[in-house]
2 protein chains.
Amino acid sequence: MTEGSAGGRTPSRAVEQALVDAAERVLVRDGLGGLTVRAVAAEAGVAPMGVYNRFGNKDGLVAAVLARGFDGLAAATSEDTDVDPTARLLACGRNYRRFALAHPQHYGAMFGPGLSQAAPTAELADRADAAFTALVDRVRYGMDRGALRPGDPRGTAQLIWSSVHGAVSLELGGLVLTPDAAASYEALLQMLLDGLR
Amino acid sequence: MTEGSAGGRTPSRAVEQALVDAAERVLVRDGLGGLTVRAVAAEAGVAPMGVYNRFGNKDGLVAAVLARGFDGLAAATSEDTDVDPTARLLACGRNYRRFALAHPQHYGAMFGPGLSQAAPTAELADRADAAFTALVDRVRYGMDRGALRPGDPRGTAQLIWSSVHGAVSLELGGLVLTPDAAASYEALLQMLLDGLR
DNA sequence: ACGTTTGTAGGACAACGTTCTACACCAGGA
DNA sequence: TCCTGGTGTAGAACGTTGTCCTACAAACGT
């Protein structure tokens, strides 16, 4: 224990990163079902025992992968340069969907049924909260500039997140029963802007 | 094959129902991770091989459980007696959340990452479509009576489903970052009515 | 009443997560 | 310089999972 010391006592911290890299590759290639300890260790070129030395167990490894996923989601939803508050919110929503469609396995693992029981780690909750805060900031930006009706930014952000996550989740699950998923998503974003103005 | 014949050749179709009953009990008791073929067979009092005789493999069994779940969801969202179209839509949304909170394991399994790959069965798609149609009917009811802006009922229903599912999904995952999840859900329903009027 | 077909029971196999045991390596004292 | 202590690794091993194979019991058609 006392691993957080400044000594840097771990001579091969790089193995940790290599394992997470390998886990991401395996996840993308073989899906969540193919994400086994042996497969990840083989992909990283280490023994399966390395996973338990570095992350405790398999859940620790997938928690690390999920943490990266939340970071990527936060980065994707933050990469907007528009000054217009409405355009910024729209870009945020579109980037959210783009990230999910570009990394479906990550997204499914992040918000799948594993979150409620397999990984209630405090670190993961912090990452999710950071991604959520990025949205809260954009909502507050919109409220300050009159694009959104004034109110509790966190409550409004939670409302937007619910709708956007639901649309993306259903689309990834093949449950968009309308002809054009992209058009339905755009209609959802427009309805959100209408209902919150 | 040719199982659909009228002969009723299966002398113990009851075993099929007993297996699904047992699977539901195990799912509620031990969660999705505890839903193993052996546990379900033991709970039903039959040999594990019975699962493969009746359902082909484990996925077939869980597909049967999920089909029941979709039926229950359709029944829950349809049990409204209000004549007022707005009240009927609100009841539909509240019943949706009530079902999900009452059967969290079912809901998680129905919409989790298993749907995209583990169970793209035509039967399941039909059940999901039936539950969706119940919502489409209520949307059309609201449009005909002026509670909702006229338009494509399926598109509007998809939009509502996205938002409602997202809110429920985040709540089950413990990702409602506002103090009162019920209040946030009510705000979401109200925003939907506002944005679609 | 017999032969065929159907479903069951139990054991067996590969793969999984996890743990145990023995070995190689790197730092410090004589 | 050698020796000692501790850290991480490699490989085998255990229990459990999904799935399949083989032998046996029961039910239907003639």
Side-chain angles (χ1 to χ4, degrees), chain A residues 1-20 22-23 26-27 29-66 109 112-114 117-119 121, chain B residues 1-20 22-23 26-27 29-66 109 112-114 117-119 121:
Chain A
M1 287 304 176
T2 75
E3 183 266 339
S5 168
R9 194 54 69 229
T10 63
S12 55
R13 172 71 61 97
V15 175
E16 217 168 289
Q17 198 159 346
L19 274 172
V20 183
V26 173
L27 176 63
R29 178 171 13 100
D30 304 328
L32 195 57
L35 191 70
T36 73
V37 171
R38 285 173 173 85
V40 172
E43 175 81 21
V46 302
M49 192 59 194
V51 173
Y52 298 91
N53 290 328
R54 304 288 175 185
F55 301 97
N57 52 16
K58 183 187 176 181
D59 286 344
L61 174 62
V62 306
V65 175
L66 267 50
Q117 62 179 18
T121 321
Chain B
M1 287 301 176
T2 74
E3 185 267 338
S5 169
R9 193 55 68 232
T10 63
S12 56
R13 169 72 61 98
V15 175
E16 215 168 292
Q17 198 159 346
L19 273 172
V20 182
V26 173
L27 175 64
R29 178 170 13 100
D30 304 328
L32 195 56
L35 191 71
T36 74
V37 172
R38 286 173 174 85
V40 172
E43 175 82 20
V46 302
M49 194 57 193
V51 172
Y52 297 92
N53 291 327
R54 304 288 175 184
F55 302 97
N57 53 15
K58 184 188 175 180
D59 286 343
L61 174 62
V62 307
V65 175
L66 266 50
Q117 61 179 19
T121 321

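Just so it is clear, the values below take in all heavy atoms, side chains as well, and ignore hydrogens, waters and symmetry mates. Within every chain, numbering begins at 1; the chains are lettered A, B, ... in the order of the sequence lines, protein sequences first and strands thereafter.
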Readout for nucleotides 11-24 of chain C: B = base within 4.0 Å of protein heavy atom, S = sugar-phosphate only, - = neither; 5' to 3' it is -B---BBBBB----
With no hydrogens and no angle check, is any side-chain donor or acceptor of A/Asn57 less than 3.5 Å from a backbone partner on A/Gly60?
yes
Can you name the nearest heavy-atom pair linking [X] to [Y], along with the distance?
| X | Y | answer |
| --- | --- | --- |
| B/Ala18 | B/Ala44 | O-CB, 3.9 Å |
| B/Val26 | B/Gly34 | CG1-O, 3.5 Å |
| B/Tyr52 | B/Val37 | OH-CG2, 3.8 Å |

Under-4.0 Å side-chain N/O to phosphate OP1/OP2 contact, B/Asn53 with C/dT6:
no
As a quick check of understanding, evaluate side-chain contact (heavy atoms from CB on, under 4.5 Å) for A/Leu35 and A/Asp30, giving each step before the final call.
CA-CA 7 Å; A/Leu35 191 70; A/Asp30 304 328; over 6 Å; no
Quantify the bending of the helix from C/dA1-D/dT30 to C/dA30-D/dT1 as the angle between its end axes, each fitted on five pairs, to 10°.
10°
Rounded to the Å, how far apart are [X] [atom1] and [N] [atom2]?
| X | N | atom1 | atom2 | result |
| --- | --- | --- | --- | --- |
| A/Phe55 | D/dT9 | CZ | P | 11 Å |
| B/Arg54 | D/dG18 | CZ | P | 19 Å |
| B/Leu19 | C/dA9 | CG | P | 11 Å |

Given side-chain contact (heavy atoms from CB on, under 4.5 Å), test A/Arg54 with A/Leu19 step by step and report yes or no.
CA-CA 9 Å; A/Arg54 304 288 175 185; A/Leu19 274 172; 4.1 Å; yes
In sequence, state the C-alpha distance, the side-chain angles, and the governing distance for A/Gln17 and A/Val20, and then conclude on side-chain contact (heavy atoms from CB on, under 4.5 Å).
CA-CA 5 Å; A/Gln17 198 159 346; A/Val20 183; 5.7 Å; no
